[in-house]
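In the text below, chain A, chain B and the rest are named by the order of the sequence lines, each starting its count at 1. Please read these numbers as outputs of a predicted model, since none were measured by experiment.
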There are 2 protein chains.
Amino acid sequence: MASIREVAAEAKVSPGTVSKVLNERGNASISRATQARVREAAERIGYHPSSIARGLAGMRMNAIGVVMAYDEESLTSDPYLGPCLDGLLSIYKQERQKVTLFLEQNWDAALQNIPFYGDGHCDGLALIIPRTTHPIVDTLRSQRPHLPFVLVGDSREGEGLTCIDLDNVSAGRMATEHLISLGHRRIAAFQGNADFCSNDQRFKGYRDALASAGLPYDPEIVYPGVYFAESGVENVRRMQKQFTGDNRSGRPSAIFCFSDSIAFGALEALRKYDIHMPTEISVIGIDDLTTTAQQRGLTTIRQSVRSIGQRAAIALLGLARGEITPGFRDLQLPELVLRSSTVALQQ
Amino acid sequence: MASIREVAAEAKVSPGTVSKVLNERGNASISRATQARVREAAERIGYHPSSIARGLAGMRMNAIGVVMAYDEESLTSDPYLGPCLDGLLSIYKQERQKVTLFLEQNWDAALQNIPFYGDGHCDGLALIIPRTTHPIVDTLRSQRPHLPFVLVGDSREGEGLTCIDLDNVSAGRMATEHLISLGHRRIAAFQGNADFCSNDQRFKGYRDALASAGLPYDPEIVYPGVYFAESGVENVRRMQKQFTGDNRSGRPSAIFCFSDSIAFGALEALRKYDIHMPTEISVIGIDDLTTTAQQRGLTTIRQSVRSIGQRAAIALLGLARGEITPGFRDLQLPELVLRSSTVALQQ
DNA sequence: CAGCTCAGGGAAAACGGTTTCCCTGAGGCG
DNA sequence: CGCCTCAGGGAAACCGTTTTCCCTGAGCTG
């Protein structure tokens, strides 16, 4: 590859001068004529600077890393990762930043690999990390030299943590309030993974909404689970078993599923048990996995994952350039998408 | 970050010696005792070599680039990219290689960016490139220094081209032969994008199978299209219009759709036109998008995209290490997946 | 004991940039 | 005319590795 010295020779200047011109640094003290000569020489030779030499010399690498800890086939199967990456990439492409993907099985593996992420390849890290507590954050913060990072899809509380996420508390509250506004008073909660940050927050929103409306909180109709359809199926079964015979009348008239996947599972199970939706029971989800949700008429709270990815990209860029400071938070406002799975309570 | 000099100081040897020990190079001429001292010092300091300094010094970067030219949201919407990336990543993770993603709008944009890919960041490139002809391949081959690359999902002919793909000719032949074996003699072809390499090859398989069976080739029932469901819908409409009234009897008894997506569209349209599938018309696809195909009972030719990704990863690694030579081809054997959308021709 | 061999490890160049500091010469001013 | 200033650009150190080449000293041989 053509080196800067060849350009220098071609333009009859020193390598240092070439560098200054091409980086527009100290261009005040390089004559217009020389600048033109250098640029033309670079063009003629077909010169492109080596990103690694540049990195070694202390410059930015113009590259960021994206760390994900999911299963192996998660890009295929997970509904979050694809849109999120699409969002990140759309920004970085236009900023001419390189994006390096680190896909780990779990966060402990990621923890082990921090030195690998921080070996100079990247200027910063976007962590797609849904877990509430994981030491990776602390390790990253104590890293020298400090590697800037943002948390995507995670809005945990913490000093100086840069988070980009859906406003999950509001989302939980919005879903619950919607059901309340339809007259529902007993609203089941089908939770997602207990160790996910979003789960805590959506639950908080649920309780807040109940409290604001003066409705009692009943732990009997809060069902732990995971963010998968199977969990929705399973919890309908549990609920059905719980409210049978004499207890029949205590059955909730609405279910707040903490994700669309859970809701899809719930819808499927309700059909199996011949519980008519929405007349007997209303169902709301969170996410808006549009194609399927539309098809099944699921009322849901929309989050735009792609947009979260984009905002995260921008935040990390700002962080790496020192334009924003750690601790910046950007929480996306949720949005209610009305379809046919929620109706007013039948008296 | 701790540098090699600090390790050297700690172990009371020279930096060169540290390098030799840690890379196990010329370890014949370093005493066991010294080796142990160096390793221990490195451990104590928490030393991790800078990948970029290493790269500058002429070593491999242990990083490869993946270039894709699709739409912006392709990771979300395209059924090929996700599994393919999952496959690539699964291999590179265990080889401790970094993966840098380049997502371009189209191949011309990619062409512009070749110097960017080749700026030293990556040791090689995996091109997920379905187009038959594109100058990017030539440009890459004339690049100095040469950047090794493999073509994924593309098995065009060409001197010294390393290709990993489904054996599309066989797949086309297999689909067609399956229909022929069921007694079908007029088999429509719903093609994918005309400029995709796979389209040409699947079509060749179709014609080969017809010829081998002594069946006439009728261009009237070959329908150009694109690899989307809409195209299947559209072509059923065209076929329906074409074979109406007197021509009714000339209507094909089977459709070979060049992808599952096309087939899904076709199934939908057939239902709309009240053409009963499979009794009136059989349908076969290619891909095996398992969940949906299973749900709709689509008979199809399976390709394991994830496995293609994995093999591509391995090939590129071999190429970058000089263990295999350009020109290596690895074509996956297709596999017939029988479901309910194809039945024997009703006499 | 002189000379040779070889194990063990150090010195320094090289990779390709960036950046700091300094030098040179021209123009302006007293 | 002499001195000062400043624009313009060059020299060289530096970033953190790898790698080649060479040096040293110990052990062996004749």
Open item on the list: I'd like to compare against my own output: the B/S/- annotation of nucleotides 12-25 of chain D with a strict under-4.0 Å heavy-atom distance to protein.
Closed with: ---BBBBBB-----
Pair [X]-[Y], side-chain donor/acceptor within less than 3.5 Å:
| X | Y | result |
| --- | --- | --- |
| B:Thr34 | B:Ser31 | yes |
| B:Arg96 | A:Asn113 | yes |
| A:Thr17 | A:Ser14 | yes |
| A:His134 | A:Asp195 | no |
| A:Ser50 | B:Asp119 | no |

Task: Side-chain touch B:Ser155/B:Arg329, heavy atoms, less than 4.5 angstrom - done: yes
[X] [atom1] to [N] [atom2]: how many Å, rounded?
| X | N | atom1 | atom2 | value |
| --- | --- | --- | --- | --- |
| B:His121 | C:dG16 | NE2 | P | 17 Å |
| A:Leu22 | C:dT19 | CG | P | 13 Å |
| A:Glu6 | C:dC15 | CD | P | 11 Å |
| A:Met61 | C:dT18 | CE | P | 13 Å |
| A:Arg37 | D:dG8 | CZ | P | 13 Å |

Open item on the list: For A:Gln332 versus A:Ser307, what's the shortest heavy-atom pair and its separation?
Closed with: NE2-OG, 3.1 Å
Open item on the list: Let me check the geometry of the helix from C:dC1-D:dG30 to C:dG30-D:dC1. What is the bend angle between the axes at its two ends, five pairs each, to 10°?
Closed with: 70°
Open item on the list: Under 4.0 Å, counting only non-hydrogen atoms across every strand here, what does B:Ser29 touch: a base, just sugar-phosphate, or nothing?
Closed with: base
Open item on the list: With rounding to the nearest 0.5 angstrom, report the CZ to OH distance, A:Phe149 to A:Tyr117.
Closed with: 13.0 Å
